[in-house]
Amino acid sequence: MWLLACVVLLVFAFKQRHIHDMPEAFIWLLIMLTFPIGFFGSTLVGLLWGGISSLFGLSYHPFADLIPIWVVVVALGYWQWFIAIPWVVRKLRHP
């Protein structure tokens with residue numbers, strides 16, 4: 001269900017790509033799905049992607065520039081919710 005919600009969010013961003021506030025809504029919804037790691041991941045990837053885009057002279061596109069952020073933050077969120085947290089819970093239950 002969580003991964004489906006992340007994919008639906010990406011589809012939402014694609015469908016609403018012409019609305020000027022869509023990237024902000026997308027990022028905040030993605031952060032809510034992947035909190036707390038998504039907050040830090042989206043900030044870091046956003047900064048890195050901005051630097052890479054500037055370095056190579058890529059122009060800003062409201063939807064295309066969100067795809068790298070989505071991929072990395074969803075991967076981090078998956079790791080957080082389905083690998084790291086269950087591992088910690090198992091370790092706490094069986095020391």
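Keep in mind that what you see is a predicted model, and the values were worked out from it rather than measured.
In this structure, the side chain of Gln80 does not engage the main chain of Ile85 through any donor-acceptor pair within 3.5 Å.
Distance check, rounded to the nearest 0.5 Å: CG of Leu58 to CG of Asp65 gives 8.0 Å. Annotation: the span from Ile37 atom CD1 to Leu76 atom CG amounts to 4.5 Å, rounded to 0.5 Å. Between the CZ atom of Phe26 and the OG atom of Ser42 there is a distance of 10.0 Å, given to the nearest 0.5 Å. Taken from SG in Cys6 to OH in Tyr78, the straight-line distance is 11.5 Å, to the nearest 0.5 Å. Separating the CD1 atom in Ile69 from the OG1 atom in Thr43 is a distance of 9.0 Å, to the nearest 0.5 Å.
Between Tyr60 and Pro23, the shortest heavy-atom distance links the atoms OH-CG, 3.5 Å. Scanning both residues, Arg17 and Met22, for their nearest heavy atoms gives CA-CE, 3.7 Å.
Residues Leu44 and Phe40 fail the side-chain proximity criterion, which asks for heavy atoms closer than 4.5 Å. Two residues are said to be in side-chain contact when any heavy atoms from C-beta on lie closer than 4.5 Å; Met32 and Leu29 meet this criterion. Put simply, the side chain of Val74 does not reach to within 4.5 Å of the side chain of Leu33, judged on heavy atoms. Contact check for His18 versus Pro62: no side-chain heavy atoms found under the 4.5 Å cut-off. Using a 4.5 Å cut-off on side-chain heavy atoms (C-beta onward), Leu66 and His61 make no contact. For the pair Leu30 and Leu10, the minimum side-chain heavy-atom distance is 4.5 Å or more. Proximity of Pro86 to Trp81: side-chain heavy atoms (C-beta onward) are nowhere separated by under 4.5 Å.
The same ILVMFWY cluster, assembled from side-chain heavy atoms under 4.5 Å apart, contains both Trp49 and Leu55. Hydrophobic clustering (side-chain heavy atoms under 4.5 Å, transitive across Ile, Leu, Val, Met, Phe, Trp, Tyr) groups Val73 together with Phe82. Hydrophobic clustering of Ile, Leu, Val, Met, Phe, Trp and Tyr side chains at less than 4.5 Å, counting indirect connections, unites Val45 with Trp79. Using a 4.5 Å cut-off between side-chain heavy atoms of Ile, Leu, Val, Met, Phe, Trp and Tyr, with links allowed through other members, Val8 and Ile31 fall into different hydrophobic clusters. At a threshold of 4.5 Å between side-chain heavy atoms, the hydrophobic network of Ile, Leu, Val, Met, Phe, Trp and Tyr places Ile27 and Phe12 in one connected group.
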**Item:** Criterion side chain to side chain contact (heavy atoms under 4.5 Å, CB included) on Gln16 and Ile19, from CA distance to verdict
**Value:** CA-CA 6 Å; Gln16 302 296 324; Ile19 298 175; 2.6 Å; yes
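Relative ring orientation between Phe63 and Phe14 is described as perpendicular, the plane-to-plane angle rising above 60° on a 0-90° scale split at 30° and 60°.
In this structure, Trp2 places its CH2 atom where more than 12 heavy-atom neighbours from other residues, nucleotides or ligands lie under 6.0 Å away.
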